Protein chains: 2
Amino acid sequence: MTTIPGVAPGAGAPVPTRRITPPDQVVPRKRPTIRDVAREAGVSYATVSRVLNGRDWVSPDAAQAVRAAIARTGYTANPHARSLATGRSGSIAFLLTEPQHLLFEDPNFSILLRGVAEALAQRELTLVLMIAGTPDERRRALTYLSGGHVDGVLVVSSHSGDPLLEQLVSADVPVVACGRALGHEQVISSVAADDCAGARSAVAHLIAAGRRRIATITGPLDTSGGVDRLDGYRDALRAADLPLDDLLITHGDWSRDGGAAAMRALLDVAPDVDGVFVASDLMAAGALAVLRDAGREVPGDVAVVGFDDSGLAATLDPPLATVRQPLERISDEMVRLISERVAGRAPVSVTIPTQLVVRASADLPAISARRRTGPPEPDHPNRAT
Amino acid sequence: MTTIPGVAPGAGAPVPTRRITPPDQVVPRKRPTIRDVAREAGVSYATVSRVLNGRDWVSPDAAQAVRAAIARTGYTANPHARSLATGRSGSIAFLLTEPQHLLFEDPNFSILLRGVAEALAQRELTLVLMIAGTPDERRRALTYLSGGHVDGVLVVSSHSGDPLLEQLVSADVPVVACGRALGHEQVISSVAADDCAGARSAVAHLIAAGRRRIATITGPLDTSGGVDRLDGYRDALRAADLPLDDLLITHGDWSRDGGAAAMRALLDVAPDVDGVFVASDLMAAGALAVLRDAGREVPGDVAVVGFDDSGLAATLDPPLATVRQPLERISDEMVRLISERVAGRAPVSVTIPTQLVVRASADLPAISARRRTGPPEPDHPNRAT
DNA sequence: CTGAAAGCGCTTACAG
DNA sequence: CTGAAAGCGCTTACAG
């Protein structure tokens, strides 16, 4: 909109051999302020501020003059002065507390990050990225976040015991979590997929496909995705009058390796397993590799359903049936909710429906009878990411 | 360090049924300012500012008193007031102009992002993430970045024609690029791997392995990684007195699919190719899949060397020989250079050595004679990410 | 509809 | 070594 006054960058100048540029060689070039614009427009600078913010009424003539003056001077408001006066920073933090490796292994995070970046940009809000893995980083993050640098915080990987969340809340920093904020439901807004219903649909599908020894690999039980998807698993078995067997429940940490380890354990204690609901696609990728190494055919011997459908699922071998959670929608809602919180509204939690996506890893019986070709590969390339 | 004064978050309170919280029900709770601290410590607030910034000398007694007062009041400086007074924002933008899909496909970006986040945090600088893919986003980014919100910009995916770079420079925004800033070398600091030497080592290795029809898949030729690695390829062939054949040069766009397409084209025009240097691991992943589909054995028929070693290479099948560029080091240097630029120093460019990493895809002759087992898979799982 | 003025909370020469 | 004061550039009641 506004044009930045250009200054010849001296592109053709010779390479500087000395690194220190003499300060007074450069024209000082002060940025125009609101006063400069007022003078140009022949109004008081309060009026300039008014047309800038568009709150009070300004006469068309004045507004016109101001707009012209802004264009002529290339004025842009100083964000710090504005923040000081308004008490708003105009930026929102995206806080990542998960151990770093997951951030780059699990596509969910990237997708969420991108969605949030877009949604924030649309509201003219700035995205501040904070990675707080180590205790030291977490301390620093708390100081920063409660120091007024940002208007609110988006948390995408909260575990229920995490003191950081509590501290942020105590410091009166608006927080929105992705996934129910276990233990903080009353003070933190959250947006989550309908984990329980999603899990239910996955397991119901396995049952419909004729599986009877259905296991699950859960996420960490101090996350809502962990407990709620486990609940859904149980619900579905109960609804079908199938027995609940604790041997069939193992736990992962959302990572690929965690899923692999859980699958190995499962094959050990329950070799007769014929279906697995895995609480994330990434863990399912690890589980698929283990099944293959163990010579189990998917879905012939063991049918597998994951959770997420974040892009990884469709590329696995075999393509992974999964429960789709609309991550773009989730990031949108997170941004909406944080804006609400910043504006002073009370917390709410939003739940978004999921959708079962059937793929080869859990085809219906008729189709699943087909055999895989070739021997299992010893070193499964799916480990690559 | 400083303690934030806690206020009971009312965790045990009942769920709010009305969403509007009455404003005067909450204690106003103004954050303590520098004046409050001064009063507590019995000094002028200028003195408080001095101990805060540690520039001028302050008597031990005064300093002591101020520190105690800070602890007692839980004071934290208001960042906006500070920014307004100093003219520094304390934040640096990480600008991504590459089409979004690459951001999440190419591990280089994630690694750089994480490294930069860490390095900035260590300097108490804030990382602002900007994704500017669409023209609209780019416009917005320019306004934002030249509007004084950030002290400098880190650019990780610049193409030489990009007007955004020029505009940033014209607006006097300090910029540091990853990779030589083609056409802006005099005004933009940059840090890059020694692309030319790295490429040379890769191709020299292929020659040493007995290959004679060595092709290359380059990056885009409007990026330094594109042209410099191509230069290295040519240098190595010349040094070995091998003919330069333009048929053996194809171009990719850094993406996996781009690498695959280039490899397909290569097999078409030069079916006798026996070695390929691919300018990135991700493109090499695509090329490997195509070779496999075409029934070419790697490295038996065609030896392949990539570039990056960002984590993907080792997990490919076969494991990919590649040129390692130290991305952690690169992100560190970028942050160092942007700090220098912000402090007013002139631009410099830093080049970082690379290292050839030999893996199965380009073993030496004796070893490469081994045969692969089993038929090629039709749907190669490596496409997963 | 518009000006004059206070205030947001710091930093930094400038005198002591 | 330390105070008083100006200044950073806005926003926003408060009077007109």
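Everything quoted here is computed from the prediction, not taken from an experiment.
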Walk me through it: do Asp332(A) and Arg329(A) pass the test salt bridge (Lys or Arg N to Asp or Glu O under 4.0 Å)?
CA-CA 5 Å; Asp332(A) 273 8; Arg329(A) 182 66 197 287; 5.9 Å; no
Would you mind telling me which of [options] lies closest to the side-chain atoms of [X]?
X: Asn78(B); options: dT11(D), dG9(C), dT11(C); result: dG9(C)
X: Ala46(B); options: dG9(D), dA5(D), dC1(D); result: dA5(D)
X: Leu84(A); options: dG3(D), dC10(D), dG9(C); result: dG9(C)
X: Ala77(A); options: dC10(D), dC8(D), dG3(D); result: dC10(D)
X: Thr33(A); options: dT2(D), dC10(D), dT2(C); result: dC10(D)
X: Ser59(B); options: dC1(C), dC1(D), dT11(D); result: dC1(D)
X: Ala81(B); options: dC10(C), dG3(D), dT11(D); result: dC10(C)

Measure the distance from [atom1] on [X] to [atom2] on [N] and round it to the nearest whole Å.
X: Asp61(B); N: dT2(D); atom1: CG; atom2: C1'; answer: 13 Å
X: Asn53(B); N: dC10(C); atom1: CG; atom2: C1'; answer: 9 Å
X: His149(B); N: dC10(D); atom1: NE2; atom2: P; answer: 12 Å
X: Arg88(B); N: dG7(D); atom1: CZ; atom2: P; answer: 22 Å
X: Ile70(A); N: dC10(D); atom1: CD1; atom2: P; answer: 10 Å
X: Arg82(A); N: dT12(D); atom1: CZ; atom2: P; answer: 9 Å
X: Gln64(B); N: dC1(D); atom1: CD; atom2: P; answer: 16 Å
X: Tyr45(B); N: dC10(C); atom1: OH; atom2: P; answer: 11 Å

Keeping the roles fixed (side chain from Ser91(B), backbone from His149(B)), state whether a donor-acceptor pair exists under 3.5 Å.
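Confirmed, Ser91(B) side chain pairs with His149(B) backbone.
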Salt bridge between Arg336(B) and Glu333(B), side-chain N to carboxylate O under 4.0 Å?
yes
Tightest non-hydrogen contact, residues Met334(B) and Val155(B), listed as CE-O, 3.8 Å
Tyr75(A) side chain near dC10(D) phosphate (N/O to OP1/OP2, under 4.0 Å)
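For dC10(D), OP1 or OP2 has a side-chain N or O of Tyr75(A) closer than 4.0 Å.
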OP1, OP2 of dG3(D) versus side-chain N and O of Thr47(B): anything below 4.0 Å?
yes
Could you grab the distance from atom CD of Glu40(B) to atom OG1 of Thr73(B), nearest 0.5 Å is fine?
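Going from the CD atom of Glu40(B) to the OG1 atom of Thr73(B) covers 6.5 Å.
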So, taking the atom named CZ in Arg139(B) and the one named CG in Leu164(B), what distance separates them when rounded to the nearest 0.5 Å?
11.5 Å
Could you tell me which nucleotide pairs with dC14(C) by Watson-Crick or G-U wobble geometry, both distances under 3.5 Å, or answer none if nothing does?
dG3(D)
Identify, between Ser49(A) and Arg35(B), the residue whose nearest nucleotide on DNA chain D lies closer to the 5' end.
Arg35(B)
Donor-acceptor pair (no angle test) under 3.5 Å: Arg50(A) side chain, dG3(C) base
yes
Provide the distance between the two P atoms, one in dG9(D) and one in dA13(D), to the nearest whole Å.
23 Å
Interatomic distance at C1', dG16(D) relative to dT12(D), whole Å:
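So the two C1' atoms sit 16 Å from each other.
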